[in-house]
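Working notes for the structure below.
Letters A, B, ... are given to chains in the order of the sequence lines, protein chains preceding strands, and every chain is numbered from 1. Remember, predicted model here, so these are calculated numbers, not experimental data. Reckoned from all heavy atoms, side chains included, excluding hydrogens, waters and symmetry mates.
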2 protein chains.
Amino acid sequence: MTDLQDFPRPSVAVDVAVLSVVVDDGGVDRLSVLLHRRSTGTEHGKWSLPGSFLRERERLAEAVQRTLLDKCGISGLTPRQLVVLDDPGRDDRGWVLSVAHLDVVPVADAPSLFSRTDLRWAPIRGEAAAVPGQRRLPFDHDSIVAEAVARFRGDHADAPDPYRLLEEPFTVRELRHLHEALLGEDLQKDTFRRAMLPHLVATRSTESGSVGRPARRYRRRG
Amino acid sequence: MTDLQDFPRPSVAVDVAVLSVVVDDGGVDRLSVLLHRRSTGTEHGKWSLPGSFLRERERLAEAVQRTLLDKCGISGLTPRQLVVLDDPGRDDRGWVLSVAHLDVVPVADAPSLFSRTDLRWAPIRGEAAAVPGQRRLPFDHDSIVAEAVARFRGDHADAPDPYRLLEEPFTVRELRHLHEALLGEDLQKDTFRRAMLPHLVATRSTESGSVGRPARRYRRRG
DNA sequence: GAAATAGTGTCTTTAAGACAATATCAG
DNA sequence: CTGATATTGTCTTAAAGACACTATTTC
């Protein structure tokens with residue numbers, strides 16, 4: 001029988017690209033990624049993706065949830081595995097594999113993180129995080145962000161808000177604005193409505209208070 | 001600075017679902033997965049996916065290639081990462097993470113592996129490997145096979161033989177037979193041709209020797 | 001009623017699928 | 001020429017996109 005002790009073992013970390021749609025300085029909804037920086041007294045580290053090392057016999061998803069709770073105070077999300085980064089030179093500290101993850105914060109919860117100085121929402125330009133004064137993210141975090149954004153956008157091609165950024169029930173317009181923000185392009189309202197309706201169930205309630213005909217609210221089907 | 005020694009480290013393995021299209025007993029082309037069994041003298045282990053432990057500072061893809069060379073005598077393939085299996089109880093020997101991979105053997109090379117008693121091509125039924133006398137594969141290898149098959153089939157929806165099972169140049173009919181075998185369903189010949197032609201470039205050469213109008217041979221575009 | 005937004009009818013354009021005619025080879 | 005298979009024409013059907021009309025609200 002193979003003895004596990006015969007094999008050298010790498011450190012294993014998890015890194016998370018936490019995405020959401022938040023309002024930028026110009027008042028525009030933008031797909032953004034949550035960055036974290038270590039703060040020791042008055043010293044600040046570079047902005048990077050939240051991550052941490054896997055603990056003994058811990059599941060990867062649990063490690064991600066623990067990381068988000070410890071570093072960002074976020075809970076209740078559902079991480080999705082993306083890819084393993086295995087370049088032996090990727091971390092100066094030694095041989096570290098990192099399992100990259102994607103997770104998503106509901107739009108209602110995203111603004112609360114603005115209050116912290118060790119966290120920031122960086123808008124996505126193209127497929128990369130745009131941080132003033134910092135060209136790139138450390139390690140291979142830029143490629144993780146690119147992978148997360150590509151996966152996230154692809155999943156929105158035919159399903160309504162599959163990551164549940166919106167609280168139910170919502171109007172078709174809210175849904176469309178969300179999809180437009182995260183795809184970075186405008187969508188035709190009637191085509192979008194017809195594509196999404198089969199995946200939605202109407203509720204009794206309608207929007208109120210605004211001008212114009214009130215919009216019906218929907219829930220996701222299934 | 002974080003000291004890596006503070007963290008317990010898991011063993012990390014790679015497992016590979018090697019797929020190809022091979023002729024079964026009935027003379028039918030079938031999508032199949034390559035299984036391996038340990039043979040010590042007259043004792044035989046269960047059939048399972050080839051796999052091994054990651055070596056110090058080794059890349060995952062290299063570990064896969066080394067495994068295939070050592071256990072199956074195969075070289076020259078290009079492994080693709082699928083998913084990390086992280087259930088702490090998945091291996092009785094201890095805490096072992098496994099990075100599942102998909103790889104593909106060209107149809108021309110697949111038959112040569114039939115000669116070995118420690119290897120076998122198991123046809124895929126549904127999304128699982130069918131092995132007479134063995135209901136399931138050990139560990140979580142059945143789920144790796146399912147994941148590999150799903151990924152492999154999905155990648156064939158619009159691209160001609162993306163994993164390069166066929167040697168160039170090939171006729172549209174050979175290409176269609178390949179796709180039919182791995183999808184497990186018949187395809188309409190004219191629709192298939194029109195879907196694939198944009199991704200192919202015609203060569204000067206045509207098939208010869210068979211009855212009927214000779215078919216033109218093509219190469220993949222790009 | 002005017003303005004605004006929701007929701008639908010329908011026409012146009014494009015793509016997919018099916019069927020069948022034509023093309024080119026071996027014998 | 002006959003039989004076989006490749007290749008293409010074209011008709012039918014379905015989907016996507018665009019445009020405009022109708023519906024329901026606030027003011």
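- The two residues Trp47(B) and Thr117(B) have their closest heavy-atom pair at CH2-O, 3.6 Å.
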Using a cutoff of under 3.5 Å, can you pull out all pairs of nitrogen or oxygen atoms linking the protein to nucleotides 23-27 of chain C, with atom names and distances?
| unit_1 | atom_1 | unit_2 | atom_2 | d |
| --- | --- | --- | --- | --- |
| dA23(C) | O4' | Arg213(B) | NH1 | 3.4 |
| dA23(C) | N3 | Arg213(B) | NH1 | 3.3 |
| dT24(C) | O2 | Arg213(B) | N | 3.4 |

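- Applying a 4.0 Å cut-off to non-hydrogen atoms, the residues of residues 191-199 of chain A that approach DNA chain C are Arg193(A), Arg194(A), listed by residue number.
- Checking the phosphate oxygens (OP1, OP2) of dA18(D), a side-chain nitrogen or oxygen of Gln188(A) falls inside 4.0 Å.
- A side-chain donor from one of Ser205(A) and Arg217(A) sits under 3.5 Å from a side-chain acceptor of the other.
- No donor-acceptor pair closer than 3.5 Å links the side chain of Arg173(B) to the backbone N or O of Ala215(B).
- Nearest heavy-atom pair, Arg90(B) versus Leu97(B), reported as atom, atom and distance to 0.1 Å: NH1-C, 4.3 Å.
- Distance Arg173(B) CZ to dT7(D) P: 10 Å, rounded to the nearest Å.
- Two residues are said to be in side-chain contact when any heavy atoms from C-beta on lie closer than 4.5 Å; Val64(A) and Leu68(A) meet this criterion.
- For the residue pair Asp118(B) and Ser39(B), no side-chain donor N or O sits within less than 3.5 Å of a side-chain acceptor on the partner.
- In this entry the distance linking CG of Asp158(A) with C1' of dA16(D) reads 14 Å, nearest Å.
- Ring orientation note: the planes of Tyr163(B) and Phe152(B) are tilted relative to one another, at an angle of 30° to 60°.
- Rounded to whole Å, the distance from NZ on Lys189(B) to P on dA21(C) is 14 Å.
- Aromatic ring centres of Tyr218(B) and Phe170(B): separated by at least 6.0 Å.
- Rounded to a whole Å, the CG atom of Leu200(A) is 11 Å from the P atom of dG7(C).
- In this structure, CG of Asp186(A) is placed 15 Å from C1' of dA18(D), rounded to the nearest angstrom.
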